[in-house]
Each structure stands twice: as C-alpha cells, then as structure tokens.
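Notes for the one structure printed next.
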Amino acid sequence: FLNTSRSEVVDSEALLAALEHHGPSLLVLDAAEGLGEALLPFVASWSEVVPTVVTSRRPLADEPTMQLGPLAPDAAGRLLTRIAARPVDEVTLRALVDGLDGVPLALELAGARLAHFAPEELTAQLGDLMDVLGGGDGRQGSMGEVLRWTWAQLPEALQRALVRLAPARQGLRLADA
C-alpha cells in the first residue's frame, strides 16, 4: 500500500482496515526517508492499531529514534549469506564481514555486488572502498570519492555508454537506448 520508491501512498484506509482485522501484527515501513513528514499522519493513524516501526537514514521529524550499531559477526555472516547470489566460503565470508564492520547496509550492498563479483574480488576491493568511505570532508566529501571510486571500477565500455546516456535527463525507452 505504501511505495517509498515512488513516494506515494495508496489506499491508506484499506491498509488500516486490514491491520484492524488481521490480529497481532507489526507494521514495518522500510526506507521511508523519501517521504519525510508527509508520512507522519499515516504513521500516527496506523500506530493506534498496530505497533509501527519506520526505518530511515534520517529522522522524519521529532519522533523517537534508535541508532542501530553493527551486527554481531555471526548475524552479519548470516545476513550476507542470505543476500549473496552465490556460495561464499567461510574464510572469505569472515573477511567480508570484518571488512564491512558488520554494518547491515554495507553487508546488503556487498551481498548484491556478489552477483557481479567473485567473493574474492569483492574482498580484495574492501581496502580501497573503506579508505574512500572513511575519507573526505563529511558525508558529501566522501560521497564524491565513493562515486569516483565506483566509476573507476566500471569497464571502459560501460563508462562510454553511460556518458552517451547522461544527456537523456527525461529518460529514454529501451528501444532508443
């Protein structure tokens, strides 16, 4: 009912009715930072019916927040194993978990990258990536470094293709690509 990727709420009343009749539940709204304060009236309404947890990279307003720390190594390994698109041996798994400091988002991103990189390749890149993530002047300074590092990892042919597509600010159809 709530699509944060398109920042729209669809049929809030239907969700509320379903929550009222479903029985004991927990409503989790993930990655809600795109909706901001517009989400607050809905959360207030829904949380009267069912306990509600909203995840966001930043507070939406003055609501109570809880900062989550890194996962314990075993939990981090289970998360990475569940997300990975391929088997990862125990030594490489431990190196990835340790290199990513057990940070859940980093583990999820690394797990997704395992669809494109061999586990050993990804492990070998951790040193460079962690230097990039730790550098810069605050979040924006390091983000520029992350983007430059990511660009440098792309094959030259893909870089050329992206440069040609960059002027298409309004998007393009697959047939036009």
With the side chain counted from C-beta on, respond yes when [X] and [Y] share a heavy-atom pair under 4.5 Å apart, and no when they do not.
X   : Y   : result
T81 : L79 : no
L96 : D98 : no
L29 : T55 : no
L27 : V53 : no

If only atom types and distance count, is the side chain of [X] paired as donor or acceptor with the main-chain N or O of [Y] below 3.5 Å?
X    : Y    : result
R86  : L114 : yes
T123 : P119 : yes
T92  : V88  : no
Q159 : W151 : yes
E121 : A118 : yes
D101 : V103 : no

Minimum heavy-atom distance [X]-[Y], with the two atoms named:
X    : Y   : answer
P104 : L71 : CG-CG, 3.8 Å
P41  : A38 : CD-O, 3.4 Å
A76  : V97 : CB-CG1, 3.6 Å

Item to complete: Look at the side-chain heavy atoms of Ile, Leu, Val, Met, Phe, Trp and Tyr, link any pair under 4.5 Å apart, and say whether V49 and W46 land in one connected group.
Response: yes

Nearest 0.5 Å, what's the [atom1]-[atom2] distance between [X] and [Y]?
X    : Y    : atom1 : atom2 : answer
R82  : E108 : CZ    : CD    : 7.5 Å
R94  : D89  : CZ    : CG    : 11.5 Å
L100 : L80  : CG    : CG    : 7.5 Å
L40  : S45  : CG    : OG    : 12.5 Å

